[in-house]
Structures are given as structure tokens and as C-alpha cells.
There are 2 protein chains.
Amino acid sequence: MTTRTDAEELLRSVSLRVTRPRVAVLLAAHDRPHADTETLIGAAREGMGAVSHQAVYDVLRALTDAGLLRRIQPAGSVARYEARIGDNHHHVVCRSCGSIADVDCAVGHTPCLTPSDDAGFTVDEAEVTFWGQCPDCATSSDIPHHDARQ
Amino acid sequence: MTTRTDAEELLRSVSLRVTRPRVAVLLAAHDRPHADTETLIGAAREGMGAVSHQAVYDVLRALTDAGLLRRIQPAGSVARYEARIGDNHHHVVCRSCGSIADVDCAVGHTPCLTPSDDAGFTVDEAEVTFWGQCPDCATSSDIPHHDARQ
DNA sequence: CCTACTTCCTTGACTCATTCAAGGGCGAGC
DNA sequence: GCTCGCCCTTGAATGAGTCAAGGAAGTAGG
């Protein structure tokens, strides 16, 4: 877990000014992996009092551009953010409730993640998303409570 | 290429009524791989005259649910549809202009597409998206004309 | 410590893809 | 050709995300 001091150092390490909203959002993102923007707004307000949603949007963009957060957005979902960066891990998404879990790259050194024919594209990243059902929805799978699609 | 007759047979083969909007949208999706909804609305109108956007949305959902189309939605993009289904192919997305190209599954029989630790999820699909730059944007890469993100 | 500059946050309005709802229209089987 | 049920039209609403202008606060230099 990251402390307030760690968050401030992280911000300085990427030449970003240390402000209360940024620290609060960074801590919130560390606490709740794969949280969506609305959740992070709420968490940031718990941590520091009032913040505008616009400020959180700006902060999330700044942190993402700086490489402190990674933005993920499975089809039919709102944007979500995670603080686990730098390793090549992927995600499993539940089709019923939309929950997300981390999955380490299956084979050791990202094979099959270089396309056989790249159609002339310069590829810099391979993103893998697994789709299925989470344990909770699998057990109570008769009537899904909430469809993940928009 | 699919003809009008082919489209009608496809619709009947999945027990869908044959209507002018459905035929027009199905043909449009075959003609323009990875087209977004707005493009398909325009193409459908070229093919059959006036159609409401709501009708196209309904048709796209029906065709997707029936398995005649596949809906893809890279992060930060609107929904796009493709008629190439049934094979395990993936996509390269240009970070600059958002264009999409097909990529055959790199290694023969979808290895590394079974997660090493599935976190208890029942996985039924693995989706791979490659990110990079298309040939056009790579050559004129000084000032990207249009950012794919929303 | 204090000032000045630059960046950041607040407020409020707005965009636009997508969905909801109600009613009339049309395809398909009899 | 008629009836039933699904489909399309119209019109409005939703909601994540963005734009824009002005005031506030962090940081560097004196």
C-alpha cells in the first residue's frame, strides 16, 4: 500500500505538482483496483473533502499521461483505472456484473503477442481481455442482476 | 461480398424477419469492416432511403445477438461492428487516427489465451487488441490529425 | 520570507453516443 | 387477405465525459 508520503514522492518523480486532489486520487486508485471514475471521485472526497468532478477527471488524465495510472475500458464499460503498472498483466471481465480481476500473462514472455501479420502497423502494446463469469455470478447464475453492457 | 439474397438467407438462417433495414445494415456492415454506428446509419440510408437511427441501433443489437455481427469497442472509441465472425482473429488499433485492421491469431491454436490463473472466473473468450500506429499516421506522424481517445 | 509566475482547481454549461417509451406499420403464417 | 406479433418511427431522456473562463494555490527565484 501507498502512503501519503509515497504518493507525494511518486508525483514529484514524474515532475507533477503535489496537490491535495492528486494525492487523494492516487491513494484512492491504489486502494481500489479497477475503480471507475465515479468511485474514485467518491473516494477522493472521503480523503480530502470537496473536490469537483472536473478536477478528478483532470487529475486522472494527468496521472495516466505521466504513467502513474493505467486506464482500462472493457467494451461496454465506463473508464476504470488501476495503479498496478509496469508489469505485463491482463484482465478477466465478468459478463454479468462487470467486475474485473487481474491475470498474469499466461505464457512467460508474451508470446503470441506479436501479431503474425501486423498490416503495416507499428505495434507497441498488446492488450488481452478475457471474458467470462466471476465466481459470484457463476453460483447465482440464474438471473444475472446487472448486465455489464451499456 | 454479400448480395441482397445472401443477406436475406443469413437473416432467415437465424430466425430473424427479413426487413429492409436489416438487409441494408447487414450489407453495409459487410461492405465496411469496423464501421461505427453513424457510418452504418449513413450506409443503410444510401441502400434503402430513410431509416431512423433508432432502427439501426435496434437492428445492430439484433444482428449482434443473433451472431451475424460482432461488436467491438476499443478503449476510447465508439462501438464498431464487423461481419467477419466465427474465426479467432484480433485487431490492431491506431492510436492516432483510430483506424482498425484485422490480425490473424498469431500462434496457431490460441495459446496463451488460457490465463495461467483465472481468479476463479469461467473464461469463454480471449480478446486481443494490439495498439500502435497505422502506416498512414506513421509517415505523417509529426502532428496527428485526430486523437482516437474520446 | 515574500513575490511572481505558472499550473491547477472550481463552476457551469454543453456534447453526443446510446437508450427509453409509446404508438403506428409491416412481415409472415394461416 | 387477415391477424398477430414483432419491428420501425418519433421524440425525449440519460449520463459519461469535455469545454471554457476565471480564481486559487504550488513552486522557483530573489
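Each chain gets a letter, A, B and so on, in the order its sequence line appears, and its residues count up from 1.
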inquiry  = Can you tell whether the side chains of A:Arg95 and B:Glu125 come within less than 4.0 Å, N to carboxylate O?
reply    = yes
key: Single-linkage hydrophobic cluster A:Val14~A:Leu26, side-chain heavy atoms < 4.5 angstrom   = yes
ask   = Which angle, to the nearest 10 degrees, lies between the helix axes at the two ends of the helix from C:dC1-D:dG30 to C:dC30-D:dG1, each defined by five pairs?
value = 40°
query = With respect to B:His34, which candidate in B:Glu82, B:Arg80, B:Arg84 satisfies the side-chain hydrogen bond (donor to acceptor under 3.5 Å, both in side chains) definition?
reply = B:Glu82
ask   = When you measure from every atom of DNA chain C, which of residues 40-58 of chain B have a heavy atom less than 4.0 Å away?
value = B:His53, B:Gln54, B:Tyr57
ask   = Can you find a side chain N or O atom of B:Arg61 that sits less than 4.0 Å from OP1 or OP2 on C:dT18?
value = no
task = Return the value, rounded to whole Å, for the distance between atom OH of A:Tyr81 and atom P of D:dA16.
result = 13 Å
message = Here's a test for you: under side chain to side chain contact (heavy atoms under 4.5 Å, CB included), which of A:Pro74, A:Pro135, A:Cys137 qualifies with A:Cys94?
response = A:Cys137
Check nucleotides 28-30 of chain D for protein N or O atoms closer than 3.5 Å to its own N or O atoms and list the pairs.
none

request  = Starting at CZ of B:Arg70, measure out to CD1 of B:Ile85 and round the result to the nearest 0.5 Å.
outcome  = 9.5 Å
request  = Would you mind reading off the distance between A:Asp65 atom CG and C:dC8 atom P, rounded to a whole angstrom?
outcome  = 11 Å
ask   = Can you name the closest pair of heavy atoms from A:His90 and A:Ala126 and give their distance?
value = CE1-O, 3.8 Å
ask   = Within the distance-only criterion (no hydrogens, no angle test), does the side chain of B:Asp31 pair as donor or acceptor with the backbone N or O of B:Ala28 below 3.5 angstrom?
value = no
query = For A:Arg22 and C:dT7, what is the distance between atoms CZ and P respectively, to the nearest whole Å?
reply = 11 Å
message = Once you apply a heavy-atom cut-off of 4.0 Å, does B:Ala79 come out as touching a base, just sugar-phosphate, or nothing?
response = sugar-phosphate
ask   = Does anything in residues 35-57 of chain A pair up under side-chain hydrogen bond (donor to acceptor under 3.5 Å, both in side chains), and if so which pairs, sequence neighbours excluded?
value = A:Asp36-A:Thr39, A:Gln54-A:Asp58
query = More than 12 heavy atoms of other residues, nucleotides or ligands under 6.0 Å from CZ of B:Arg4: is that the case?
reply = no
ask   = Starting at CD of A:Gln73 and ending at C1' of C:dA17, how long is that distance when rounded to a whole Å?
value = 12 Å
query = Which atoms form the tightest heavy-atom contact between B:Leu69 and B:Ala29, and what is the distance?
reply = CD2-CB, 3.7 Å
request  = Say whether A:Val18 and A:Val51 are linked into one hydrophobic cluster, either directly or through other cluster members, by side-chain heavy-atom distances under 4.5 angstrom.
outcome  = yes
request  = Compare every heavy atom of A:Thr64 with every heavy atom of A:Tyr81, then report the nearest pair and how far apart it is.
outcome  = CE2-OG1, 3.4 Å
query = Does A:Thr37 place a side-chain N or O at less than 4.0 Å from the phosphate oxygens OP1/OP2 of D:dG17?
reply = yes
query = With sequence neighbours excluded, what pairs up with B:Arg12 under the salt bridge (Lys or Arg N to Asp or Glu O under 4.0 Å) test?
reply = B:Glu8
task = Would you jot down, in residue-number order, the residues of residues 8-20 of chain A having a non-hydrogen atom under 4.0 Å from DNA chain C?
result = A:Arg17, A:Thr19
